[in-house]
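One structure below.
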Amino acid sequence: MGRSCTSSAPVWPCIAAGTSFFRRPCEHAEWGDRAVRVTVVGAGYVGATSAVVLAYLGHRVTCVERNAARLDRWLGGEDPLGEPGLAELRGQVAVEFTSEACSIASAEVVIVAVGTPMDDNGRPDLSQLDAATAEIGGLAADGAIVVIRSTVPVGTCDRLQNSTLRRLRVVSNPEFLREGQALQDAFFPDRIVAGGPPEAQRPIEELYGRILEGRDLPGNPRQEGPPPLLWMSARSAELAKYAANGFLATKLSFVNEIANIAHAVGADASAVLGSMALDPRIGRHFLRPGLGWGGSCFPKDTRAFQVIAEGAGYDFVVLRAAIEQNARQLARFAKAIERAVPSRSTVGLLGLAFKAGTSDTRESPAIALARRLIRGGLNVVAYDPGVQQFPDEPRLSVRAALVEACADADAVVIATEWPEFAEMDLTALRLVTRGDLLFDGRNLISPARAALAGFRYHGVAGLGD
Ligand SMILES: NC(=O)c1ccc[n+]([C@@H]2O[C@H](COP(=O)([O-])OP(=O)(O)OC[C@H]3O[C@@H](n4cnc5c(N)ncnc54)[C@H](O)[C@@H]3O)[C@@H](O)[C@H]2O)c1
């Protein structure tokens, strides 16, 4: 963050005076209607979304970003993340983006939304978090609430509460939003999970008041109504995030296993998974087989969850298997392509983002696949509606149009589930490709439609080992 500033008067006068924050504290008329002074640290997917949404709710929000290139784009009115609707909404609300950390001194709530990536050993790298909280610890006024929205190992909030942030109130409030629908998820979450010192609960309720009441929000409300605030210990809140992501990743790995087994025994994976979807105990989401899960959260969070379990002396067998299955799933898909095409063939790769609706390529299975195919001697030419370049891999060519990526391809490979790929004109595509192989890593295309267009189709569930 930028230059340092001096600290101001204590905040949360109501807490200090021992009065209730829950309704009508500090003379405000309705729960959630008092403008809280908020500083958000980190203007990535979580931070920028939180900042814009909290400003929409009427709070006075400053968002601090230390990455000059990213900040410049925000200051220029752009959204460097390409998150649908975010730039537009940002244009309608008063939120200040800055490199200066000064606003922390007068903030009642400081939200930490910095990255917690995986280090080279698969452990969470907390250097951004530790640097940000050290600065907050030096600047924030006594009693300010520090909300940790980043995904952090269990015990991190307690550690900060007992060290750098001793004067402050540390709350774990993990974020569950999905990239590509961040605004919808932020305004209409399934639940808000938070935990920390008991006196911090009411200010958190006040911060999210309109969301908790489902009042005057843009977008499509959930059928179930406004979300509950689940208040628990900071450790439980931290674990709740890993538990959810660990479970979802395991569900996907399990579904991929079912699809592989279905093929091996001559059953139809779609029919089997379709029947499971109607069982409310299973749920209809996350039942589509694919070439493996990835993204900025699942790989790092599952590895971190394993480390957390190991630290507690617990052997998390199921999660270990889910991670291993995921690596195998991608290898299996890559091997099938390598077996089918002669060496030095050209692959037209459709998709680079880790999922549709985002330009995020962190831990993307599509990128991992591209790298593996290139290492194996294949020439890979890619197209993704959300990713115009990928300088990290100079051997990978990225084209501006689907047809350009597939022109003269010996095989077309779908790696990201963009609707554009599901809807593409296969007959027209076949006219430009050299070969007739179509590998569908997301099971987007019906085999019959592919055959009609003259493609030899390989769905992700129909591949041998
Ligand atoms: N992306 C998601 O879908 C998602 C969903 C839920 C939770 N999370 C978690 O939220 C956290 C943030 O994720 P993200 O995807 O938004 O990360 P990100 O990398 O896109 O954004 C983090 C931002 O923080 C900035 N930053 C780091 N240190 C800073 C400092 N001291 N001062 C100012 N800015 C600083 C970085 O420059 C970066 O722009 C991670 O812990 C992640 O696991 C992410």
Side-chain angles (χ1 to χ4, degrees), residues 1-4 39-53 62-75 79-84 86 96-104 110-119 124-139 146-153 156-157 164 172-186 189-193 237-238 240-242 244-246 248-249 293-305 353-355 357-364:
M1 288 182 282
R3 70 185 150 81
S4 54
T39 294
V40 178
V41 180
Y45 292 89
V46 171
T49 304
S50 299
V52 170
V53 165
T62 305
C63 188
V64 184
E65 171 57 56
R66 67 167 186 193
N67 177 307
R70 197 170 255 193
L71 178 64
D72 280 351
R73 306 258 324 259
W74 285 120
L75 290 174
D79 168 8
L81 312 167
E83 185 58 38
L86 192 54
E96 186 196 356
F97 284 85
T98 175
S99 63
E100 304 292 342
C102 302
S103 62
I104 291 173
V110 182
I111 294 182
V112 180
V114 299
T116 50
M118 188 159 57
D119 71 13
D125 172 356
L126 298 183
S127 54
Q128 290 181 42
L129 182 94
D130 286 337
T133 49
E135 188 155 19
I136 294 164
L139 283 175
V146 181
V147 175
I148 307 293
R149 298 231 81 193
S150 300
T151 304
V152 294
T156 303
C157 287
T164 353
S172 167
N173 174 211
E175 175 60 83
F176 294 94
L177 66 73
R178 294 161 295 174
E179 288 175 24
Q181 39 204 330
L183 283 177
Q184 172 70 19
D185 288 350
D190 305 303
R191 73 286 202 199
I192 295 178
V193 172
E238 289 164 338
K241 173 68 188 178
Y242 287 108
N245 275 0
L248 292 171
W293 38 267
S296 63
C297 290
F298 284 179
K300 83 173 174 67
D301 291 352
T302 47
R303 285 290 293 118
F305 201 2
F354 83 89
K355 67 170 186 178
T358 181
S359 56
D360 196 346
T361 52
R362 288 179 285 181
E363 298 288 325
S364 169

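We use all heavy atoms of the structure for the numbers below, so side chains are in, but hydrogens, waters and symmetry mates are not. Just follow the structure's listing: the first ligand is 1, and inside any ligand the first atom is 1. Along the sequence shown, residues carry numbers from 1.
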Check: Quick one: salt bridge (charged side-chain N to carboxylate O under 4.0 Å, His left out) partners of E179, sequence neighbours excluded?
Finding: R362

Check: For atom 6 (C) of ligand 1, which candidate among R362, E65, E175, M118 provides the closest heavy atom?
Finding: E175

Next item on the list: Ignoring angles and geometry beyond distance, decide whether V46 reaches within less than 3.5 Å of ligand 1 through its nitrogen or oxygen atoms.
Entry: yes

Note to self: List ligand 1 atoms under 4.0 Å from T116, heavy atoms only on the residue side.
What the structure shows: 40 (C), 41 (O), 43 (O)

Margin query: Just so I know, are the side chains of R70 and L81 near enough to count as touching, which here means a heavy-atom distance under 4.5 Å?
Written below: yes

Next item on the list: Could you tell me which atoms of ligand 1, counted from 1 in the order shown, lie closer than 4.0 angstrom to a heavy atom of V64?
Entry: 33 (C), 34 (N)

Next item on the list: Ignoring angles and geometry beyond distance, decide whether R66 reaches within less than 3.5 Å of ligand 1 through its nitrogen or oxygen atoms.
Entry: yes

Item checked: Atom indices of ligand 1, in the order listed, that fall short of 4.0 Å to a heavy atom of K300 -> 42 (C), 43 (O)

Check: Which residue from E179, Q128, R70 reaches closest to atom 1 (N) of ligand 1 through any of its heavy atoms?
Finding: E179

Check: If you measure from each heavy atom of R178 to ligand 1, is any distance below 4.0 Å?
Finding: no

Next item on the list: Would you give the length of the straight line joining atom CZ of R149 to atom OG of S50, rounded to the nearest 0.5 angstrom?
Entry: 5.0 Å

Notebook entry, point to check: Just how far is it from atom OG1 of T62 to atom CD1 of I111, taken to the nearest 0.5 Å?
Noted result: 11.5 Å

Note to self: So, 4.0 Å and heavy atoms of K241: is ligand 1 close enough to count as a contact?
What the structure shows: yes

Item checked: All salt bridge (charged side-chain N to carboxylate O under 4.0 Å, His left out) counterparts of D190, not counting sequence neighbours -> R222

Check: Counting each atom of ligand 1 from 1 as listed, which ones have a heavy atom of G115 under 4.0 Å away?
Finding: 22 (C)

Item checked: Element-labelled atoms of ligand 1 that are located less than 4.0 Å from some non-hydrogen atom of L177 -> 3 (O), 5 (C)

Next item on the list: Work out whether the distance between some heavy atom of A131 and some atom of ligand 1 is less than 4.0 Å.
Entry: no

Next item on the list: Check the angle between the aromatic planes of W74 and F97 and answer parallel, tilted or perpendicular using the 30° and 60° thresholds.
Entry: parallel

